[in-house]
*Asks:* 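First the structure, then my questions, so here it is.
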Amino acid sequence: MASFIIQLHGLRFLANHGVFEEERTTGNEFEVNISLKVEVPKETISSLHQTVNYAEVYRITKEIFSTPTPLLETLAQDVAEAIKQAFPSLIKISVQIIKLHPPIVSFTGSVSVIYRKSYVDESRG
């Protein structure tokens with residue numbers, strides 16, 4: 001089986017996700033990386049309708065990020081599910097959400113979650 005991997009890297013959002021009141025009030029910066037695996041159709045791809053429109057993937061992600069969510073895990077699952085609904089031909093998805101400035105005293109760095117889901121038997125792809 002042939003496939004394409006379509007990726008969106010470094011999507012940046014300022015949003016009010018988090019468990020702590022401060023995060024929900026002041027917000028935080030997030031970076032999102034999305035990887036989508038789609039099976040190649042038998043014919044040569046000549047139309048956007050035969051593949052994944054990455055502008056639509058961005059729009060979906062941006063819309064979901066506008067609703068405050070306490071846990072990054074929930075947010076990643078919501079993004080993946082919405083993208084799968086829009087593009088049923090997906091066979092795998094990976095959504096990474098990075099919180100660039102976590103509210104942890106004396107902490108430098110970032111934290112992230114990665115959600116991966118396969119929609120086909122792993123032996124197929």
Side-chain angles (χ1 to χ4, degrees):
M1 171 181 78
S3 62
F4 280 108
I5 304 292
I6 298 167
Q7 298 179 316
L8 289 81
H9 297 281
L11 307 179
R12 294 286 181 118
F13 301 99
L14 179 60
N16 299 79
H17 306 298
V19 173
F20 302 109
E21 180 63 32
E22 174 188 341
E23 295 176 288
R24 293 188 303 268
T25 304
T26 61
N28 208 319
E29 290 180 88
F30 297 87
E31 181 176 307
V32 179
N33 299 301
I34 300 171
S35 180
L36 310 167
K37 184 175 184 179
V38 293
E39 194 168 346
V40 175
K42 292 183 186 348
E43 67 277 358
T44 300
I45 294 176
S46 59
S47 166
L48 190 56
H49 298 291
Q50 295 172 287
T51 188
V52 172
N53 179 342
Y54 50 80
E56 180 64 8
V57 171
Y58 173 74
R59 186 201 63 74
I60 290 166
T61 305
K62 183 178 177 183
E63 181 178 307
I64 290 171
F65 259 76
S66 69
T67 302
T69 305
L71 298 175
L72 297 182
E73 292 85 349
T74 305
L75 194 59
Q77 288 176 309
D78 290 349
V79 168
E81 181 58 33
I83 292 170
K84 174 61 175 169
Q85 285 180 1
F87 301 100
S89 65
L90 286 180
I91 54 179
K92 283 188 181 181
I93 188 167
S94 175
V95 177
Q96 178 186 34
I97 301 175
I98 304 165
K99 185 180 287 190
L100 296 173
H101 309 289
I104 303 170
V105 175
S106 301
F107 178 83
T108 58
S110 61
V111 298
S112 71
V113 299
I114 300 174
Y115 176 72
R116 293 185 176 121
K117 186 162 183 180
S118 178
Y119 300 99
V120 295
D121 179 358
E122 286 295 322
S123 65
R124 285 191 51 210

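For the single chain, residues carry numbers from 1 onward in sequence order.
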*Asks:* At what distance, to the nearest 0.5 angstrom, does NZ of Lys92 lie from OG of Ser118?
*Replies:* 5.0 Å
*Asks:* Distance from Ile60 atom CD1 to Ile83 atom CD1, nearest 0.5 Å?
*Replies:* 6.0 Å
*Asks:* Write down the atom of Ile5, the atom of Ser35, and the distance for their closest heavy-atom approach.
*Replies:*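 For Ile5 versus Ser35, the nearest heavy atoms are CG2-OG, 3.4 Å.
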*Asks:* Can you measure from CD (Gln77) to NZ (Lys117) and round to the nearest 0.5 angstrom?
*Replies:*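 Between Gln77 CD and Lys117 NZ, I get 8.5 Å after rounding to 0.5 Å.
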*Asks:* Which residue, Val79, Asp78, Ile114, forms the side-chain contact (heavy atoms from CB on, under 4.5 Å) with Val95?
*Replies:*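 Result: among Val79, Asp78, Ile114, Val79 is the only option passing the side-chain contact (heavy atoms from CB on, under 4.5 Å) with Val95.
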*Asks:* In the structure I gave you, are the side-chain heavy atoms of Leu11 and Lys62 within less than 4.5 Å of one another anywhere?
*Replies:* no
*Asks:* Heavy atoms only: give me the nearest Gly10-Asn33 pair and the separation to one decimal.
*Replies:*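 Answer, listing the atom of Gly10 first, then Asn33: N-OD1, 2.8 Å.
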*Asks:* Counting only heavy atoms not in Glu22, do more than 12 fall under 6.0 Å of its CD?
*Replies:*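 No, not enclosed.
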*Asks:* Please report the shortest heavy-atom distance between Gly27 and Leu14, naming the atom on each side.
*Replies:*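 Answer, listing the atom of Gly27 first, then Leu14: C-CD1, 4.4 Å.
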*Asks:* Please find the pair of heavy atoms, one from Phe87 and one from Val57, that lie closest to each other, and give the distance.
*Replies:*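 Minimum heavy-atom separation between Phe87 and Val57: CE1-CG2, 3.8 Å.
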*Asks:* Linking I/L/V/M/F/W/Y whenever their side-chain heavy atoms sit closer than 4.5 Å, directly or via other members, would Ile98 and Leu8 fall into one cluster?
*Replies:* no
*Asks:* Hey, what's the ring geometry for Phe65 with His17, parallel, tilted or perpendicular (30° and 60° as the breaks)?
*Replies:*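 Answer is perpendicular, since the angle exceeds 60°.
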*Asks:* Among Ile93, Ile91, Ile6, exactly one meets side-chain contact (heavy atoms from CB on, under 4.5 Å) together with Lys37. Which residue is that?
*Replies:* Ile91
*Asks:* Find out if a path of hydrophobic residues (ILVMFWY) with successive side-chain heavy-atom gaps under 4.5 Å connects Tyr58 to Val38.
*Replies:* yes
*Asks:* Does Tyr115 form a side-chain contact (heavy atoms from CB on, under 4.5 Å) with Val113? I'd like the steps, not just the answer.
*Replies:* CA-CA 7 Å; Tyr115 176 72; Val113 299; over 6 Å; no
*Asks:* Using the rule that two of Ile, Leu, Val, Met, Phe, Trp, Tyr join whenever any of their side-chain heavy atoms come within less than 4.5 Å, decide whether Leu36 and Phe4 are in one cluster.
*Replies:* yes
*Asks:* Can you tell me how far apart OG1 (Thr61) and CD1 (Ile34) are? Round to the nearest 0.5 Å.
*Replies:* 3.5 Å
*Asks:* Do you know which two heavy atoms are closest between Leu72 and Lys99, and how far apart they sit?
*Replies:* CD1-CB, 4.2 Å
*Asks:* Salt bridge or not for Glu56 and Arg59, using N-O below 4.0 Å?
*Replies:*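 Yes.
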*Asks:* If I take atom CD1 from residue Ile104 and atom OG from residue Ser110, how far apart are they, to the nearest 0.5 angstrom?
*Replies:*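 If I round to the nearest 0.5 Å, the distance is 10.0 Å.
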*Asks:* Using side-chain contact (heavy atoms from CB on, under 4.5 Å) as the criterion, point out the one residue from Asn16, Thr74, Ile64 that pairs with Thr69.
*Replies:*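 Exactly one pass, corresponding to Thr74.
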*Asks:* Take atom CZ of Arg116 as the centre, draw a 6.0 Å sphere, and report whether it contains more than 12 heavy atoms from other residues, nucleotides or ligands.
*Replies:* no
*Asks:* Over all heavy atoms of both residues, which pair between Asn28 and Pro103 is shortest? Give the atoms and the distance, please.
*Replies:*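 Taking Asn28 first and Pro103 second, the nearest heavy atoms are ND2-CD, 4.3 Å.
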*Asks:* For Glu73, enumerate each residue passing the side-chain hydrogen bond (donor to acceptor under 3.5 Å, both in side chains) test, keeping only those at least two apart in sequence or located in another chain.
*Replies:* none
*Asks:* Can you find a heavy atom in the side chain of Tyr54 that is under 4.5 Å from one in the side chain of Val52?
*Replies:*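 Tyr54 vs Val52: side chains apart.
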